[in-house]
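In this text the structure is predicted, and so the values were computed from the model without any measurement. In what follows, chains carry the letters A, B, and so on, assigned in the order in which the sequence lines appear, proteins first and then strands, with residues in each chain numbered from 1.
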There are 2 protein chains.
Amino acid sequence: MPPAVLTREEVVARVMAVVRQRGYDGASLSELSKATGLGKSSLYHHFPDGKDDMVGAVIGHLEASLETAVFAPLRSAGQPAARLQAMTATLDGFYYGGREACVLAILGIGDASRRFHPRVKKLFRAWIDAIASALRDAGLSKPLAQARAEDAIVRIEGALVLARSLGEPAIFGRTLKALPDDLLRR
Amino acid sequence: MPPAVLTREEVVARVMAVVRQRGYDGASLSELSKATGLGKSSLYHHFPDGKDDMVGAVIGHLEASLETAVFAPLRSAGQPAARLQAMTATLDGFYYGGREACVLAILGIGDASRRFHPRVKKLFRAWIDAIASALRDAGLSKPLAQARAEDAIVRIEGALVLARSLGEPAIFGRTLKALPDDLLRR
DNA sequence: GTCTATACGTGGATAGAC
DNA sequence: GTCTATCCACGTATAGAC
């Protein structure tokens with residue numbers, strides 16, 4: 001094994017990939033070690049509190065990358081419809097066209113949920129607020145924008161669950177495609 | 001501990017409750033033992049292949065109870081709108097008003113997904129078909145009924161994820177309430 | 001059918017050399 | 001910063017008495 005040229009970012013990305021596929025409890029240190037190319041001790045060097053720290057870093061990464069890649073564009077100055085389409089395009093990439101699960105949803109299960117609930121909740125709230133902001137700019141009332149924004153997340157998360165359960169990623173794509181118009185319709 | 005007056009049904013129900021809250025990997029034998037009031041050895045007496053067997057029994061229970069409580073009514077002879085409302089009422093109970101996760105979604109994560117994917121997929125398909133049957137009876141075209149039925153599951157599963165992630169069960173209730181009209185609109 | 005006791009692997013975590 | 005070696009707890013699973 002080469003002397004680990006991975007940046008912290010890359011290590012965190014690989015930890016996220018494992019957690020995404022195996023769940024928090026299913027993500028063992030051995031597997032995380034294999035996935036990152038770092039021995040267990042090295043992992044503890046970078047993440048003194050173990051798995052908790054690693055997943056904390058994953059959430060931190062999500063907080064940052066969602067903010068810049070999803071939330072900020074949703075709040076920007078362009079056409080609301082275009083902003084929503086930008087979001088769906090980005091999400092299609094994030095979730096590999098519906099083939100990968102949502103880390104936030106995964107972290108709502110079992111032990112992880114108690115540990116990370118506050119941050120997960122905050123992230124979902126920020127996401128909802130960002131979508132609602134685009135909808136308000138399109139002329140929707142505040143309560144309607146809020147409700148539709150929540151519905152957007154509902155459909156995104158649900159589409160991921162169903163697409164993966166059926167082994168039909170296309171369901172996610174269809175859902176994303178319909179989303180902007182459905183949200184903006186009056 | 002009394003000589004276990006629990007029926008197999010009750011044992012399976014308690015296993016399901018644990019899996020629902022902790023996930024497949026998080027559901028340890030010790031916890032299952034505590035929850036059922038049966039020692040580990042007793043569990044192996046009833047379920048020789050261990051956790052796999054137990055979760056298999058949980059899925060069997062779901063196959064049966066969803067068929068009688070959800071699918072069959074959806075295919076029955078009443079008004080389509082009434083059949084859909086019956087479904088949402090039943091689901092509200094199944095999921096404790098949005099406070100409990102969906103076992104099928106839980107089983108799509110990690111190890112469990114490989115093991116149980118075929119049965120989970122079949123169950124989702126049967127559910128979609130049953131909803132589509134009600135929508136066809138309401139006059140929708142076959143492809144539209146199919147797409148809307150998939151969207152129904154998308155929203156149900158997504159609402160469960162979001163309601164639990166935000167700690168706002170009401171999101172699930174709102175989603176259920178809007179569902180019949182949304183599905184039937186043309 | 002249920003229990004106690006136990007075997008054996010793996011999980012998370014640490015010590016200490018390099 | 002990374003490794004090897006090791007620790008202990010807990011996980012799954014089994015044996016065998018009652």
Side-chain angles (χ1 to χ4, degrees), chain A residues 1-61 106-107 109-116, chain B residues 1-59 106-107 109-116:
Chain A
M1 197 53 66
V5 207
L6 290 184
T7 67
R8 184 182 167 94
E9 295 257 305
E10 286 166 332
V11 169
V12 170
R14 297 194 185 191
V15 168
M16 182 171 79
V18 173
V19 170
R20 215 175 191 186
Q21 288 170 8
R22 317 267 317 170
Y24 180 80
D25 289 304
S28 68
L29 283 187
S30 336
E31 193 153 359
L32 292 167
S33 173
K34 230 185 297 174
T36 56
L38 293 169
K40 292 185 192 181
S41 301
S42 302
L43 283 175
Y44 274 95
H45 175 73
H46 294 286
F47 308 97
D49 283 347
K51 247 163 72 165
D52 264 40
D53 249 5
M54 297 182 219
V55 175
V58 166
I59 298 180
H61 165 76
I106 296 276
L107 294 179
I109 292 165
D111 244 31
S113 84
R114 273 160 243 172
R115 296 181 216 238
F116 306 110
Chain B
M1 198 54 64
V5 208
L6 291 183
T7 66
R8 184 180 167 95
E9 295 257 305
E10 287 166 331
V11 169
V12 170
R14 296 192 185 195
V15 169
M16 182 170 80
V18 173
V19 170
R20 215 175 191 186
Q21 288 171 7
R22 316 267 318 171
Y24 181 80
D25 288 304
S28 70
L29 285 187
S30 337
E31 192 154 358
L32 292 166
S33 173
K34 230 185 296 175
T36 56
L38 292 168
K40 294 182 191 181
S41 301
S42 302
L43 283 175
Y44 276 95
H45 175 74
H46 295 286
F47 307 98
D49 284 347
K51 250 164 69 165
D52 263 41
D53 251 5
M54 297 181 218
V55 175
V58 166
I59 298 181
I106 296 274
L107 293 179
I109 292 164
D111 245 30
S113 83
R114 274 160 242 172
R115 296 180 215 239
F116 305 111

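Counting non-hydrogen atoms of neighbouring residues, nucleotides and ligands closer than 6.0 angstrom, the CD atom of B:Glu9 reaches no more than 12 such neighbours.
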Could I get a table of every N or O pair under 3.5 Å where one atom is in the protein and the other is in nucleotides 9-11 of chain C?
unit_1 : atom_1 : unit_2  : atom_2 : d
C:dG11 : OP2    : A:Ser30 : OG     : 3.0

Might you list the N or O atoms of the protein lying below 3.5 Å from N or O atoms in nucleotides 16-18 of chain D, with each pair's distance?
none

Evaluate the criterion side chain to side chain contact (heavy atoms under 4.5 Å, CB included) for residue pair A:Lys51 and A:Val19; output intermediate values, then yes/no.
CA-CA 10 Å; A:Lys51 247 163 72 165; A:Val19 170; over 6 Å; no
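The nearest whole Å value for the distance from the CG atom in A:Asp52 to the P atom in C:dA13 is 8 Å. Rounding to whole angstrom units, OH of residue A:Tyr44 and P of D:dC7 are separated by 17 Å. A:Leu43 places its CG atom 14 Å from the C1' atom of C:dT14, with the value rounded to the nearest Å. Atom pair B:His45:NE2 and C:dT4:P shows a separation of 16 Å (rounding to whole Å applied). Atom pair A:Asp53:CG and C:dA13:C1' shows a separation of 13 Å (rounding to whole Å applied). The nearest whole Å value for the distance from the NZ atom in A:Lys34 to the P atom in D:dC3 is 15 Å. Between the CG atom of A:Leu38 and the P atom of D:dT4 there is a distance of 13 Å, rounded to whole Å.
Between B:Ser42 and C:dC3 there is a side-chain N or O to OP1 or OP2 distance below 4.0 Å.
The backbone N or O of B:Thr36 lies less than 3.5 Å from no partner atom in the side chain of B:Arg14, so there is not a single donor-acceptor pair.
Here the CG-CZ distance, from B:Leu32 to B:Arg22, works out to 10.0 Å after rounding to the nearest 0.5 Å. How far OG of B:Ser33 is from CD of B:Glu31: 10.5 Å, rounded to the nearest 0.5 Å. With rounding to the nearest 0.5 Å, the separation of OH in B:Tyr24 from CG in B:Leu107 is 9.0 Å.
Exactly one residue among B:Asp52, B:Asp25, B:Asp53 makes a salt bridge (Lys or Arg N to Asp or Glu O under 4.0 Å) with B:Arg115. That residue is B:Asp52.
Applying the ring-ring contact (aromatic ring centres under 6.0 Å, His included) definition to pairs two or more places apart or across chains, none involves residues 28-59 of chain A.
Of the listed nucleotides (D:dG1, C:dG1, C:dG12), C:dG1 has the atom at the smallest distance from the side chain of B:His46.
Under the 4.5 Å side-chain criterion, counting only non-hydrogen atoms from C-beta, B:Leu6 is not in contact with B:Leu38.
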